[in-house]
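Following: one structure in structure tokens, then a few remarks.
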Amino acid sequence: QELEEARRWEGARDVRPLDGNVRRWTGLLLPNNPPYNTGAFRFELTFSPNHPLEPPCATLRTPIYHPSVDLEGRVCQPLTTHGHWEPATRAIQVLQDLLLQLDSPEPRRLLRPDVARELQERPEEFRRRAEEHTRLHAEPRPE
């Protein structure tokens, strides 16, 4: 049911179980805002055997130049931390929160202090680097 809900959402495409495993989903996130809106970003959402009592883990598999995503694709996402997680939270809300974070980089949610500092102190340089990184690494946006 949650997978079908995620498949109908316009912020993602190709949402499906990874290798037939219903506890691991993959798909493409489609950011709305520059500097990321020229590409699509592959994500993985992994659910604990204790889901929904424990939060899922979101990882970006497509490299991205973003202050809240580290070089391994781990995301600083407070919604999915044990202190903030609510069992009633749906998978689509996790994906919507992730897309919102990509669309509006938040220097306070940071895993890459150097990128966050650049975003705050030299926003034009940040945007130029993020656009170039997106051009080089992001997947083509599906129609």
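- Between Arg90 and Asp97, none of the side-chain N atoms (NZ, or NE/NH1/NH2) sits under 4.0 Å from a carboxylate O, so this pair counts as no salt bridge.
- Judged by distance alone, with hydrogens and angles left aside, the side-chain atoms of Thr134 form no donor-acceptor pair with the main-chain N or O of Gly39 at under 3.5 Å.
- Taking the six-membered ring for Trp and the full ring otherwise, the centers of Tyr36 and His66 sit less than 6.0 Å from each other.
- Residue Arg112 holds its CZ atom at 9.5 Å from CD1 of Ile64, rounded to the nearest 0.5 Å.
- The pair Glu131-Arg128 does not count as a salt bridge, with every side-chain nitrogen at least 4.0 angstrom from each carboxylate oxygen.
- Side chain of Thr62 to backbone of Arg42: a donor-acceptor contact under 3.5 angstrom is found.
- Under a 3.5 Å cut-off, the side chain of Asp103 and the backbone N or O of Asn33 do form a donor-acceptor pair.
- Side-chain atoms of Asp19 do not come within 3.5 Å of backbone N or O of Asn21 as any donor-acceptor pair.
- Side chains of Asn32 and Asn37: no donor on one and acceptor on the other come within 3.5 Å.
- The side-chain heavy atoms of Tyr65 and Pro105, taken from C-beta on, include no pair separated by under 4.5 Å.
- Two residues are said to be in side-chain contact when any heavy atoms from C-beta on lie closer than 4.5 Å; Pro63 and Val69 fail this criterion.
- Side-chain contact between Gln101 and Glu106: absent, with no pair of heavy atoms (C-beta onward) separated by less than 4.5 Å.
- For the pair Arg141 (side chain) and Pro31 (backbone), a donor-acceptor distance under 3.5 Å is present.
- Between the side chains of Ser48 and His51, no donor-acceptor pair of N or O atoms lies under 3.5 Å.
- The OG1 atom of Thr59 lies 6.0 Å from the CD atom of Glu44; values are rounded to the nearest 0.5 Å.
- Salt-bridge check for Glu124 with Arg127: failed, with every basic side-chain N at 4.0 Å or more from each acidic carboxylate O.
- A distance of 5.5 Å separates CG of Leu29 from CZ of Phe43, quoted to the nearest 0.5 Å.
- Separating the CG atom in Asp14 from the CH2 atom in Trp25 is a distance of 13.5 Å, to the nearest 0.5 Å.
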Exercise. So Trp85 and Val94, side-chain contact (heavy atoms from CB on, under 4.5 Å) or not? Walk me through it.
Worked result: CA-CA 10 Å; Trp85 180 251; Val94 174; 3.9 Å; yes
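- Applying the salt bridge (charged side-chain N to carboxylate O under 4.0 Å, His left out) criterion to Glu4, with sequence neighbours excluded, gives Arg7.
- Classification of Arg117 and Glu121 as a salt-bridged pair fails, no side-chain N sitting under 4.0 Å from a carboxylate O.
- Counting heavy atoms of neighbouring residues, nucleotides and ligands inside a 6.0 Å radius, atom NE2 of His137 exceeds 12 of them.
- Remark: Glu54 engages no residue in a salt bridge (charged side-chain N to carboxylate O under 4.0 Å, His left out) (not counting sequence neighbours).
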Exercise. Which is it for Leu111 and Ser68 under the side-chain contact (heavy atoms from CB on, under 4.5 Å) test, yes or no, and what are the steps along the way?
Worked result: CA-CA 5 Å; Leu111 289 175; Ser68 303; 5.8 Å; no
Exercise. Would Leu102 and Leu60 count as a side-chain contact (heavy atoms from CB on, under 4.5 Å) if you check the C-alpha gap in whole Å, the side-chain angles of each, and the deciding distance to 0.1 Å?
Worked result: CA-CA 11 Å; Leu102 294 184; Leu60 279 184; 3.9 Å; yes
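- Residues Glu2 and Ile92 form no side-chain contact, since every pair of their non-hydrogen atoms from C-beta on lies 4.5 Å or further apart.
- No side-chain heavy atom of Pro17 sits under 4.5 Å from any side-chain heavy atom of Arg24.
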